[in-house]
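First comes the structure, then the notes that go with it.
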Amino acid sequence: MNQEKNITMKETKKRTGLSSRQIRYYDQQELIFPARSKGNQRLFSENDIQRLLKIKKLLAAGDSIEIIHSKLQSPTTAADFDIEADYEGQINDYSDLDLDSLYPVSNRSALIKRLSQSSKHYSQEEEKE
DNA sequence: ATTCTTACA
DNA sequence: TGTAAGTA
């Protein structure tokens with residue numbers, strides 16, 4: 001559950017090999033959801049790094065931003081979900097929902113991913129850099 | 001020294 | 001996507 005948003009832009013650039021321009025662009029496209037410091041500086045988490053690497057890979061594979069949205073969605077997609085779940089009590093605690101007896105879903109991540117895919121729609125043509 | 005936003009090459 | 005300008 002170590003999802004602290006403490007990684008700087010510099011670190012993120014070094015670790016993903018992406019330019020700050022690209023990282024900020026993907027942020028605008030809502031592919032990543034970094035936190036903000038007092039000075040409005042972006043603060044990334046390990047998950048953000050992983051997401052960026054995933055985005056980089058998909059982009060290299062020739063997929064467009066819309067396609068990637070289908071693959072990686074809201075901040076509540078598997079990985080980032082731990083963050084919210086960590087705020088015990090404060091935030092929604094789905095852990096003890098009586099869903100187990102009704103749904104054969106082993107974990108929330110699987111369920112969320114499942115739901116995310118149902119909102120997947122049309123695909124789009126590929127784009128060049 | 002770094003990052004941020006906006007805007008144009 | 002890169003980069004310049006003006007900030008914070």
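We name chains A, B, ... by the order of the sequence lines, and we start the count at 1 in each one.
- Lys56(A) and Thr16(A) make their closest contact through NZ-O, 3.0 Å (heavy atoms, listed as atom of the first residue, atom of the second, distance).
- The strand DNA chain C forms stems, runs of 3 or more Watson-Crick or G-U wobble pairs with distances below 3.5 Å, at B:4-8 with C:2-6.
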| remark: Reading nucleotides 2-9 of chain B from 5' to 3' and marking B where a protein heavy atom lies under 4.0 Å of the base, S where only the sugar-phosphate is that close, and - otherwise, the string is SBSB----
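- For Ser19(A), the side chain to side chain donor-acceptor pair (under 3.5 Å) criterion is met by Gln22(A), not counting sequence neighbours.
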| Step-by-step side chain to side chain contact (heavy atoms under 4.5 Å, CB included) determination, Ile55(A) to Ile32(A) | CA-CA 9 Å; Ile55(A) 292 168; Ile32(A) 54 176; 4.0 Å; yes
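- Residues satisfying the side chain to side chain donor-acceptor pair (under 3.5 Å) criterion with Ser20(A), sequence neighbours excluded, are Arg24(A).
- Residue Tyr25(A) contributes atom OH, which lies 13 Å from atom P of dG2(C) at whole-angstrom precision.
- Tested against Ser45(A) for a side chain to side chain contact (heavy atoms under 4.5 Å, CB included), the candidates Arg51(A), Gln50(A), Lys5(A) yield a single pass: Lys5(A).
- The shortest heavy-atom contact between Arg36(A) and Leu43(A) is C-CD1, 4.2 Å.
- Looking at residues two or more places apart in sequence or on another chain, you find a side-chain contact (heavy atoms from CB on, under 4.5 Å) between Asn6(A) and Glu4(A).
- Arg15(A) meets the side chain to side chain donor-acceptor pair (under 3.5 Å) test with Glu46(A); sequence neighbours excluded.
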